[in-house]
Colleague: 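Take a look at the following structure, please.
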Amino acid sequence: MPETEAPLDFIREIVSKDLESGKHASPVTRFPPEPNGYLHIGHAKAICLVFGVAEEFGGKCFLRMDDTNPEKEEAHYAEAIQRDIQWLGFQWDGEVRHTSDYYSTLHDWAIHLIREGKAYIDEQSAEEMRANRGSLTEPGRNSPFRGRPQEENLERFEQMRAGELEEGTCVLRAKIDMASPNLNLRDPALYRILKKAHPRTGNEWCIYPMYDFAHGQSDAIEGITHSLCSLEFENHRPLYDWFVENLPVPNKPRQIEFSRLNLTGTVMSKRKLLRLVEDSVVDGWDDPRMPTLSGLRRRGFTPASIRDFIARAGVTKTAQTMDLRLLQHCLRQDLEHSAERRMAVLRPLKVVLTDYPEDRTEEIELPNHAGREELGKRKIPFSREFYIEQSDFLEDAPKKFFRLTPGKEVKLRYAYVIKCEEVVKDQDGNIVELRCTHDPETRHGLPKDRKVKGILHWVPAKESIECEVRIYDELFTVENPDGEDDFMSVLNSESLERVRARCEPSLLDAAPEERFQFERNGYFVVDMDSKKGVPIFNRSVSLKDSFSKK
RNA sequence: UACCCGAUGGUGUAAUUGGCAACACAACAGGUUUUGGUCCUGUCGUUCCAGGUUCAAGUCCUGGUCGGGUAGCCA
C-alpha cells in the first residue's frame, strides 16, 4: 500500500478501488516502448507511473518492447531504453518481453476473427482505402472486398503469410463499422505485408500486426490489469476493448489514459529530436542539451531529481507543460545536500598579493560541505599568486557591487581579506592582473571592526589545473518551440559555450559522472569525454543568482 | 465541420467528493549567512463564461466559449 501522505492521483485511485473491491489481487502494469528512439523526460512520467503503481500496490511491472514495425526499429534503441530505465531506478519483473514473442498467437487470433466473419482481406490500394475511409465529418464506404467468402479470406491470408503476395497488395482488416464517428473503428488494418527482416524474428514473418491488433492482446496475454497510456490513445480504447471482447483472450485489461508531460523550452517528439541529432544541431541523443534521459544524465541530472520532478508534476488528463525551472529546482535541492563543494574559476584573472612573501605557501584546509562535516576536508595551497573570476572585478562598480573594485576589500573564501591596490592592463587596455594587499588577521573569519560583504572563490596560480568547462543554455530561444511553424528556425546558436577554466588540484582524478558544486558557480558533473589529467565538466545547473538579474 | 478529452494564480497539482480555495515552483520584498547559494518570513486568485439547483457550488444541472487529440498498410 502507498504511504498515505499525498492524495492519490486518479489512476492510483482506480487501482486502489480495484484492489479493495477484489477485482484484482494485485496490479500488473507494463511499460511498452517502441524501440525506435531514445527515452525522454516525458517517458519518465510514464515509467514512474507504471513502475510506481506496481511497487506501491505490491504488484508487478513488465517491460515490453512494442516491436511490430521492423522498418523503424533497431536493437540498439532497445538496449538504450533498458539502460535508461535502470538508471532512473526501476527494474522490470522477469525478462524483457516483446510483442514479437506473441506473433504466432496474434496470427492465430487473426484467423479466429476471419472464421468469425469479423475480418477480411482487403485488396484495395492504400489510396483507395484512404479515399473510402471518409473524413472527420463524412462516413466511410464499405470496401468491395468486405463481403468476400470466409474461405477466400483464409486462403488469401495464408498467401500473405507465405510471402506469395507483394507489399501493399492487400491487408487484413477488421470488419467493424465504416460509418463509425470514431475513425479507428472504420475497419482498421490488422496485418500488413512487410518483407523486412525483424531484429528478433529475422525472416520468419513477412506480415506484421498493426499496433491496435497487437497492443491490447499483448496486455491480455501478460495478464496486465491496468494498461496505462497517454491521451492520444483515448480514441483507440473502443477498438482495444473490441479485440478484448472478440478474441479468446485469457483476461481483460483496462486501458486508462493520462496526459503527456511537456517541458518548457524544448521539443519532445521523437521526430523532432531525431532531426536535431541528424542535422548535428546536437552531438547525439545523449547531448547534455537534449531532454532525453541519456542527455539529462550526461548533463548531470540525478535519477532522484527526475523522479522528484515527476512526482511533483502529478498525473491528470489536462495537457501538462512543466516549467523547466522546477526540474532545475529538484536538481539543486538534491545536489545542495549531496554534492561536495570545490572551487573552480571559469574565467581566470590573476591576482598578486604584493605584501605576501614570495617563498611562502600555506595549506588551507577547507570543508567538502559546509553543512555536512561528515563529508570531510581537503587542502588547497595558498600563496602569493592566485586567480579569481574575471566577473568578480569591476573598475567602475555600481553601489550594490559586493565584489572586488579598486581600493575596496573582499574576503577570499576560507582565506584572507584582500584589498585591490592596482590594476594592471595590457597595451589594448585589457585588465590582465590585479595587485592586492591582504590582512593577515582575517585568515579564519571576517574582520570585526569593518564590514566586508563580498566573498570570492579562488584557485592557486601554480597548483591549480586547467580544465574544460561546458556551459549549456537552452536549445531554443522561445518557450514553446512546438508552437513555431518551423522549430528549427528558433534554435539558440549559443546553447553551448566551452571555457578553459582552472580548478583546484583535488579535481584532477575526478571520474565521469562525479558531481560537485563549484562554489558560487553552480553544479557540475564530470563528462565522459574527460581525458587523463584534463577533466571536462558540464554545468548541470547554475546556482540561483539574485545578483546578476538586477 | 464529426467524435473524444480537457479547463482552478505565470506553471503544475490539491480541496474531507456540496462546507473558510491549499501545496510546490517561478516572480517580487525582507531576514539569516565566510557561497549574492542554502535556510526562514511575507506578497501575488472574481476557480473559462452565462444561467439554474441549494442555507451553502471549484465541485451538481443546462447552454455556451476556449484549448488539445483523431482521417498511417506508424506506435
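Letters go in sequence order (proteins before strands), and every chain restarts at 1.
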Colleague: Would you please classify the geometry between the A:Tyr38 ring and the A:His76 ring as parallel, tilted or perpendicular, with 30° and 60° separating the classes?
Modeller: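 Judged by the thresholds at 30° and 60°, the geometry between A:His76 and A:Tyr38 is tilted.
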Colleague: If you check every side-chain atom of A:Lys544, which of B:G12, B:A27, B:A2 has the closest atom?
Modeller: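 The answer is B:A27, which lies nearest to the side chain.
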Colleague: Contact class for A:His236 vs. all strands (heavy atom < 4.0 Å): base, sugar-phosphate, or nothing?
Modeller: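 Base contact - A:His236 has a heavy atom under 4.0 Å of at least one base atom.
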Colleague: If you pin A:Met322 and A:Lys411 to their nearest nucleotides in RNA chain B, which one's is more 5'?
Modeller: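 Here A:Met322 is the residue nearer the 5' end.
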Colleague: For the side chain of A:Arg413, counting heavy atoms from C-beta on, which of B:C74, B:G37, B:U35 is nearest?
Modeller: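 Closest nucleotide among those given: B:U35.
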Colleague: Looking only at side-chain atoms of A:Phe401, point me to the closest of B:G36, B:G72, B:A15.
Modeller: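 For A:Phe401, the side-chain atoms sit closest to B:G36.
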Colleague: Would you call A:Arg200-A:Asp101 a salt bridge at under 4.0 Å N-O?
Modeller: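 Judged by the 4.0 Å cut-off on N to carboxylate O distance, A:Arg200 and A:Asp101 do form a salt bridge.
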Colleague: Starting from the 5' end of RNA chain B, give me the residue, A:Met129 or A:Arg520, whose nearest nucleotide shows up first.
Modeller: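 The residue whose closest nucleotide sits nearer the 5' end is A:Arg520.
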Colleague: Got a sec? Which of residues 164-176 of chain A come in under 4.0 Å of RNA chain B, heavy atoms?
Modeller: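 Here the set is A:Gly168, A:Val171.
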Colleague: Give the nucleotide from the list B:C3, B:G37, B:G72 with an atom nearest to the side chain of A:Arg130.
Modeller: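 The answer is B:G72, which lies nearest to the side chain.
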Colleague: Enter syn or anti for the glycosidic conformation of B:U33, syn applying to angles within 90° of 0.
Modeller: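 Base orientation relative to the sugar is anti.
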Colleague: Which whole number of Å gives the distance between the C1' atom of B:G31 and that of B:U47?
Modeller: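 These two C1' atoms come out 34 Å apart once rounded.
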Colleague: Any ion pair linking A:Arg341 and A:Glu336 (charged N to carboxylate O, less than 4.0 Å)?
Modeller: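 Salt bridge present between A:Glu336 and A:Arg341.
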Colleague: Would you say A:Gln320 places a side-chain N or O within less than 4.0 Å of OP1 or OP2 belonging to B:U13?
Modeller: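 Checking B:U13 against A:Gln320, a side-chain N or O does come within under 4.0 Å of OP1 or OP2.
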Colleague: Does A:Arg332 place a side-chain N or O at less than 4.0 Å from the phosphate oxygens OP1/OP2 of B:G37?
Modeller: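 The answer is no; no side-chain N or O of A:Arg332 sits under 4.0 Å from OP1 or OP2.
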Colleague: Over all strands shown, is A:Tyr414 touching base, sugar-phosphate only, or nothing at heavy-atom distances under 4.0 angstrom?
Modeller: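 Base contact.
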Colleague: Could you tell me whether A:Glu167 and A:Arg192 have a side-chain N and a carboxylate O separated by less than 4.0 Å?
Modeller: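 Not counted as a salt bridge, because no side-chain N and carboxylate O are separated by less than 4.0 Å.
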Colleague: Any base atoms under 4.0 Å from A:Arg443, or only sugar-phosphate, or nothing? Heavy atoms, all strands.
Modeller: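 Base, at least one base heavy atom under 4.0 Å.
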Colleague: At under 4.0 Å, does any side-chain N or O of A:Thr318 touch on OP1 or OP2 of B:U13?
Modeller: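 It does, given that an N or O in the side chain of A:Thr318 lies less than 4.0 Å from OP1 or OP2 of B:U13.
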Colleague: In whole angstroms, how far is the P atom of B:G6 from the CG atom of A:Leu231?
Modeller: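 After rounding, the gap between these two atoms is 8 Å.
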Colleague: Check whether NZ of the Lys or CZ of the Arg A:Arg413 lies under 6.0 Å from the centre of the six-membered ring of A:Trp458 and within 45 degrees of that ring's axis.
Modeller: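 No, A:Arg413 does not sit over the ring of A:Trp458.
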Colleague: So, does the side chain of A:Gln517 form a donor-acceptor pair with the base of B:U35 at under 3.5 Å?
Modeller: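 Result: at least one qualifying N/O pair found.
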Colleague: Looking at B:U35, B:A24, B:U17, which one has an atom nearest to any side-chain atom of A:Leu326?
Modeller: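 That would be B:A24.
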Colleague: Check the phosphate of B:U11 against A:Arg312, side-chain N and O only, distance under 4.0 Å to OP1 or OP2. Yes or no?
Modeller: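 False: A:Arg312 side-chain N/O out of range (4.0 Å or more) of B:U11 OP1/OP2.
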Colleague: Would you mind reading off the distance between A:His457 atom NE2 and B:G36 atom P, rounded to a whole angstrom?
Modeller: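 Those two atoms, NE2 and P, are 10 Å apart.
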Colleague: Using a cut-off of 4.0 Å on non-hydrogen atoms, how would the nucleic acid contact of A:Thr321 be classed: base, sugar-phosphate, or nothing?
Modeller: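 Sugar-phosphate contact only - A:Thr321 comes under 4.0 Å of backbone atoms but never of a base.
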Colleague: Reckon A:Pro209 touches a base, only the sugar-phosphate, or nothing at all at heavy-atom distances under 4.0 Å?
Modeller: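 Counting heavy atoms under 4.0 Å across all strands, the contact made by A:Pro209 is with sugar-phosphate only.
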Colleague: To the nearest 0.5 Å, what is the distance between CG on A:Asn368 and CD on A:Gln517?
Modeller: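 Output value for this atom pair is 12.0 Å.
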Colleague: Ring of A:Tyr211 versus six-membered ring of B:A75: centres under 5.5 Å and planes under 30°?
Modeller: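 Stacking is absent between B:A75 and A:Tyr211, given that the ring centres and planes do not meet under 5.5 Å and under 30°.
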Colleague: What is the distance from CG of A:Asn235 to P of B:G68, rounded to the nearest Å?
Modeller: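 Atom-to-atom, A:Asn235 to B:G68, this comes out as 16 Å.
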Colleague: Figure out the NZ/C1' separation between A:Lys317 and B:A7, and round it to whole Å.
Modeller: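 About 14 Å, once rounded to whole Å.
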Colleague: To the nearest Å, give me how far apart CD (A:Glu336) and P (B:G36) are.
Modeller: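 Going from CD in A:Glu336 over to P in B:G36 covers 13 Å.
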Colleague: My understanding is that a pair needs two contacts under 3.5 Å, Watson-Crick or G-U wobble. By that rule, which nucleotide pairs with B:A50?
Modeller: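 Checking every strand shown, B:A50 finds its partner in B:U62, with both distances under 3.5 Å.
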Colleague: Base, sugar-phosphate, or nothing for A:Arg325, non-hydrogen atoms under 4.0 angstrom?
Modeller: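 Touches sugar-phosphate only.
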Colleague: Please state how far atom CD in A:Glu34 lies from atom C1' in B:G72, giving the value in whole angstrom units.
Modeller: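 Distance check: A:Glu34 CD to B:G72 C1' gives 13 Å.
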Colleague: Is the base of B:G64 syn or anti, if syn means a glycosidic angle within 90° of 0?
Modeller: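 Anti, which is what one calls it when the glycosidic angle falls more than 90° from 0.
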Colleague: Quick one: label A:Gln328 by what it contacts on the DNA or RNA (base, sugar-phosphate, nothing), any heavy atom closer than 4.0 Å.
Modeller: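 No contact at all - A:Gln328 keeps every heavy atom at 4.0 Å or more from the nucleic acid.
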Colleague: Under 4.0 Å between a side-chain N/O of A:Arg192 and OP1 or OP2 of B:A75, yes or no?
Modeller: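 So the side-chain polar atoms of A:Arg192 do come within 4.0 Å of the phosphate oxygens OP1 or OP2 of B:A75, strictly under.
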Colleague: Of the listed nucleotides (B:U34, B:C5, B:G36), which one gets closest to any side-chain atom of A:Glu234?
Modeller: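 Within the option list, the nearest is B:C5.
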Colleague: With a non-hydrogen cut-off below 4.0 angstrom, is A:Arg341 in contact with a base, only sugar-phosphate, or nothing?
Modeller: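 Answer is base: heavy atoms of A:Arg341 come under 4.0 Å of a base.
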Colleague: Test the A:Arg30-A:Phe62 pair against the cation-pi criterion, namely NZ or CZ under 6.0 angstrom from the six-membered ring centroid and within 45° of the ring axis.
Modeller: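 Verdict for A:Phe62: no cation-pi partner in A:Arg30.
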Colleague: Would you say B:U33 has OP1 or OP2 under 4.0 Å from some side-chain N or O of A:Lys453?
Modeller: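 Result: no.
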Colleague: Hey, is A:Arg12 close enough to A:Glu56 for a salt bridge, meaning N to O under 4.0 Å?
Modeller: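 Looking at A:Arg12 and A:Glu56, the cut-off is met.
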Colleague: Could you check whether A:Phe258 gets within reach of a base, just the sugar-phosphate, or nothing at all, counting any heavy atom under 4.0 Å?
Modeller: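 Nothing, no nucleic acid heavy atom in range.
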Colleague: Taking any strand in view, what nucleotide pairs with B:G30 in a Watson-Crick or G-U wobble way, both distances under 3.5 Å?
Modeller: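 Partner of B:G30: B:C40.
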Colleague: In whole angstrom, give me the gap between the P atoms of B:C40 and B:U33.
Modeller: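 Taking atom P in both B:C40 and B:U33, they lie 16 Å apart.
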Colleague: Using a heavy-atom cut-off of 4.0 Å across all strands, would you classify A:Ala126 as base, sugar-phosphate, or nothing?
Modeller: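 Contact class for A:Ala126: base.
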Colleague: Working to the nearest 0.5 Å, report the span between CG of A:Leu106 and CG of A:Leu190.
Modeller: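 It is 9.0 Å, given to the nearest 0.5 Å.
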Colleague: Does a side-chain N or O from A:Thr68 land closer than 4.0 Å to OP1 or OP2 of B:A75, or not?
Modeller: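 Answer is yes, contact under 4.0 Å.
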Colleague: Within 45° of the ring axis of A:Tyr416 and under 6.0 Å from its six-membered ring centre, is that where the NZ or CZ of A:Lys411 lies?
Modeller: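 No, A:Lys411 and A:Tyr416 do not form such a contact.
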Colleague: What's the spacing between A:Glu504 CD and A:Glu519 CD if we round to 0.5 Å?
Modeller: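 Answer for the CD-CD pair, A:Glu504 versus A:Glu519, is 8.5 Å.
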Colleague: Look at the side-chain N and O atoms of A:Thr316 and state whether any lies under 4.0 Å from the OP1 or OP2 oxygen of B:U13.
Modeller: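 It does, given that an N or O in the side chain of A:Thr316 lies less than 4.0 Å from OP1 or OP2 of B:U13.
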Colleague: At under 4.0 Å between heavy atoms, what does A:His444 touch on the DNA or RNA strands: base, sugar-phosphate, or nothing?
Modeller: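 Base: the residue A:His444, judged by heavy atoms under 4.0 Å, touches a nucleobase.
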Colleague: Report yes if at least one side-chain N or O of A:Ser546 is closer than 4.0 Å to OP1 or OP2 of B:G37; otherwise report no.
Modeller: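 Yes.
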Colleague: Could you check how far CD of A:Gln124 sits from P of B:G72, rounded to whole Å?
Modeller: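 Those two atoms, CD and P, are 14 Å apart.
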Colleague: Out of B:G72, B:U70, B:A75, which has the shortest distance to the side chain of A:Leu183?
Modeller: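 Minimum distance to the A:Leu183 side chain belongs to B:U70.
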Colleague: Using purine N1 to pyrimidine N3 plus N6-O4 or O6-N4 for Watson-Crick, or N1-O2 and O6-N3 for G-U wobble, each under 3.5 Å, what pairs with B:A24?
Modeller: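 Across any shown strand, B:A24 pairs with B:U11.
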Colleague: Where the side chain of A:Asp323 is concerned, which of B:G36, B:U11, B:C74 is the nearest nucleotide?
Modeller: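 Ranking B:G36, B:U11, B:C74 by closest atom to the A:Asp323 side chain puts B:U11 first.
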Colleague: State the pairing partner of B:U1; accept Watson-Crick or G-U wobble contacts with both distances under 3.5 Å, and report none otherwise.
Modeller: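 No nucleotide pairs with B:U1.
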Colleague: Would you please confirm or rule out a distance under 4.0 Å between OP1 or OP2 of B:A75 and any side-chain N or O of A:Arg64?
Modeller: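 No, A:Arg64 has no side-chain N/O under 4.0 Å of OP1/OP2 on B:A75.
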Colleague: Given atom NE2 of A:His329 and atom C1' of B:U11, what is their separation to the nearest angstrom?
Modeller: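 Result: 14 Å.
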Colleague: Report the relative orientation of the aromatic rings in A:Tyr208 and A:His198; use parallel for angles under 30°, tilted for 30 to 60°, perpendicular for over 60°.
Modeller: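 Ring orientation, 0 to 90° scale: parallel.
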Colleague: Which part of the nucleic acid, if any, lies within contact of A:Tyr191, taking any heavy atom under 4.0 Å across all strands shown: a base, the sugar-phosphate backbone alone, or nothing?
Modeller: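 Touches nothing.
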